[in-house]
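The structure under discussion appears below in the form of structure tokens.
A quick note: this is a predicted structure, and the numbers were derived from the prediction, not measured.
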Amino acid sequence: MLFKPKSVRTHFSGLIFFQNYQRNLWVKPSHRYGKYNEEDDDDKDPKLRNTKENQLDHFYLYKSKGQHLLTNTRILDAIVRRSNIKPTDTVLEIGPGTGNLTVKLLEAAEKVVAVEIDKRMVDVLHKRVAENGLQERLNVICKDAMKVEFPQFDLVVANIPYGISSPLIAKLVYGRNPFRSATLLLQKEFARRLLAKPGDSEFNRLAVNVNLVADVEFVMDVSKRQFFPCPKVDSSVVIIRPKPELPDVNLNEWRAFTRTCFGKKNKTLGATFKQKKKVMQLLKLAKTTSLNNENPLTRNNYECDEYYDGKYEDEDTDGEECFASSTSDLEMNLFKEKIVGILRKSGFEDKRPSKVSNEDLLHLLSLFNQAGIYFHDHVKPNDLGNANAAYLS
């Protein structure tokens, strides 16, 4: 790295003391969703008190890596309780840190798979779990959560680093592993975007893409004062539940379509699709699909293209110039009229994507595909190694 990441130096036994102090604080109520009102609990476990001894002399927490530890015991208990963990469940935890949540998950579940990139955290986690006699039920994977293949799990319960919220949620809901639910502690603003509905000011492509395959439930707000070190923003807990039945749509095509629609979410769909550059891109894709002599959308693929973000659409300027030079104005105009005709006939020309439901967007995409208009290049290989959140949000 070219610079030293910002860090907080803290005495680890002091962190344990801070945790005991914080557990008696009240959760900041939400003016919109109601007040958090959990029963007080008095943790007098001698094992917790004994962790003050024989700990690391000094411990660094990196803000740049999202290392903000939730310390309020009552909130941790509430998260576990709302997750509805069964004694036979395997729980996946992303970013366990020093194990504040992990220990509680181990007490409720049969097994916990914890993915932690920081080896220092892993060492502390192993020691803490061993002190509680739960080491046989913990499997720690010391790797980057965005690069590792998750083993099978039933639930996800995690206080995830804010910087990977978007790609991690996409990896879960569009991934290979079926699961019952994901209880996630997220940045409050991000959670509001995830919960947004058509017509809300926060409604965006993130909400559209996640809600296509999952339902999102708000649980509670959590004040930034409940973390150590204290972040700059408040947080929220949400529960994401995959839908039992997936829509009949190719997800690569869907994500490319929503990328086009939500490039300017307050712009009318008619104005978006009339742009010369967009018309040229769609005409090029239509010709490519026709030359393949097969329809790539005849079946769904829910396992591939997790990190596709369609950058070639913006970067392949040489190809666009070459294609434009070989395309007549008449052909371009006829194709543009075809696009506008679909929008006009279906009543979408003057609608803005920020006010359109998923059902309407699915209908519009179906009309485009039926007319031979596609949004995803099924010939070019996908960039599976790119974890850029742009493909989702």
Side-chain angles (χ1 to χ4, degrees), residues 32 166 169-170 173-174 189-216 218 243 245-286 289 295 297 300 308-311 313-314 331-377 389-393:
R32 180 178 178 183
S166 183
I169 289 175
V173 299
Y174 286 111
E189 180 182 355
F190 182 88
R192 292 297 183 268
R193 292 177 59 223
L194 196 61
L195 291 158
K197 304 298 181 184
D200 293 346
S201 59
E202 301 98 339
F203 191 60
N204 59 93
R205 186 172 171 241
L206 170 71
V208 166
N209 284 345
V210 172
N211 280 280
L212 180 74
V213 296
D215 296 314
V216 185
F218 172 83
K243 293 181 178 179
E245 294 185 6
L246 296 175
D248 185 20
V249 62
N250 180 280
L251 295 184
N252 295 335
E253 180 73 7
W254 167 261
R255 290 199 291 268
F257 171 65
T258 57
R259 186 185 310 113
T260 294
C261 294
F262 283 84
K264 298 288 184 181
K265 68 175 184 177
N266 292 318
K267 201 172 187 178
T268 65
L269 291 169
T272 295
F273 283 96
K274 288 177 184 177
Q275 297 177 83
K276 183 177 180 180
K277 182 177 180 181
K278 179 53 60 180
V279 172
M280 183 170 60
Q281 290 173 350
L282 295 179
L283 177 56
K284 183 179 179 182
L285 281 173
T289 304
N295 187 349
L297 306 177
N300 288 318
Y308 168 72
D309 65 2
K311 284 190 174 183
E313 291 186 358
D314 297 322
E331 188 177 16
M332 286 281 289
N333 289 333
L334 288 175
F335 191 76
K336 179 179 178 179
E337 289 177 7
K338 183 178 182 181
I339 294 173
V340 175
I342 293 172
L343 292 169
R344 188 169 296 156
K345 186 176 181 180
S346 58
F348 285 98
E349 183 180 13
D350 296 324
K351 289 187 176 181
R352 305 178 192 279
S354 59
K355 300 181 183 298
V356 180
S357 68
N358 271 26
E359 290 74 16
D360 286 339
L361 288 171
L362 284 167
H363 177 59
L364 178 58
L365 177 59
S366 176
L367 293 176
F368 277 131
N369 289 166
Q370 290 172 17
I373 300 172
Y374 303 102
F375 296 83
H376 170 66
D377 189 340
Y391 71 96
L392 182 63
S393 58

**Message:** Taking NZ in K264 as the centre, count heavy atoms belonging to other residues, nucleotides or ligands within less than 6.0 Å. Is the count above 12?
**Reply:** no
**Request:** Check step by step if side chain to side chain contact (heavy atoms under 4.5 Å, CB included) holds for C261 and L269.
**Result:** CA-CA 7 Å; C261 294; L269 291 169; 3.9 Å; yes
**Request:** Quick one: list whatever passes ring-ring contact (aromatic ring centres under 6.0 Å, His included) with F368, sequence neighbours left out.
**Result:** F273, F375
**Prompt:** Taking side chain as C-beta onward, heavy atoms only, is K197 less than 4.5 Å from N211?
**Reply:** yes
**Asked** Between A286 and G372, what is the shortest heavy-atom contact and its length?
**Response** CB-O, 3.5 Å
**Request:** Assess the side chains of Q281 and K278: does a donor N or O sit below 3.5 Å from an acceptor N or O?
**Result:** yes
**Asked** Are the side chains of R205 and N209 in touch, meaning some heavy atoms are under 4.5 Å apart?
**Response** yes
**Asked** When you measure from the side chain of N250 to the backbone N and O of N252, does any donor-acceptor pair fall under 3.5 Å?
**Response** yes
**Prompt:** Is the shortest heavy-atom distance from the side chain of L251 to the side chain of L212 under 4.5 Å?
**Reply:** yes
**Request:** Keeping the roles fixed (side chain from T258, backbone from W254), state whether a donor-acceptor pair exists under 3.5 Å.
**Result:** yes
**Request:** Could you check if a side-chain atom of F257 sits within less than 4.5 angstrom of a side-chain atom of V208, using non-hydrogen atoms only?
**Result:** no
**Request:** Answer yes or no: is there a side-chain heavy-atom contact under 4.5 Å between Q275 and K267?
**Result:** yes
**Item:** Value rounded to 0.5 Å, distance of CZ in F335 from CE in M280
**Value:** 12.0 Å
**Item:** Qualifying salt bridge (charged side-chain N to carboxylate O under 4.0 Å, His left out) pairs, either residue in residues 353-362, two or more places apart
**Value:** none
**Request:** Measure the spacing between CG of N369 and NE2 of H376 and express it to the nearest 0.5 Å.
**Result:** 11.5 Å
Side chains of residues 346-353: which donor-acceptor pairs under 3.5 Å do they make with residues two or more places apart or in other chains?
unit_1: S346; atom_1: OG; unit_2: I342; atom_2: O; d: 2.6
unit_1: S346; atom_1: OG; unit_2: L343; atom_2: O; d: 3.3
unit_1: E349; atom_1: OE1; unit_2: R344; atom_2: NE; d: 2.9
unit_1: E349; atom_1: OE2; unit_2: K274; atom_2: NZ; d: 3.1
unit_1: E349; atom_1: OE2; unit_2: R344; atom_2: NH2; d: 3.1
unit_1: R352; atom_1: NH1; unit_2: N266; atom_2: O; d: 2.5

**Message:** How long is the straight-line distance from NZ of K265 back to CZ of F262, given to the nearest 0.5 Å?
**Reply:** 8.0 Å
**Request:** Indicate the atoms forming the closest heavy-atom contact of A196 with A207, along with that distance.
**Result:** O-CB, 3.7 Å
**Request:** Report yes if the side chains of L194 and I169 come closer than 4.5 Å at any heavy-atom pair, otherwise no.
**Result:** yes
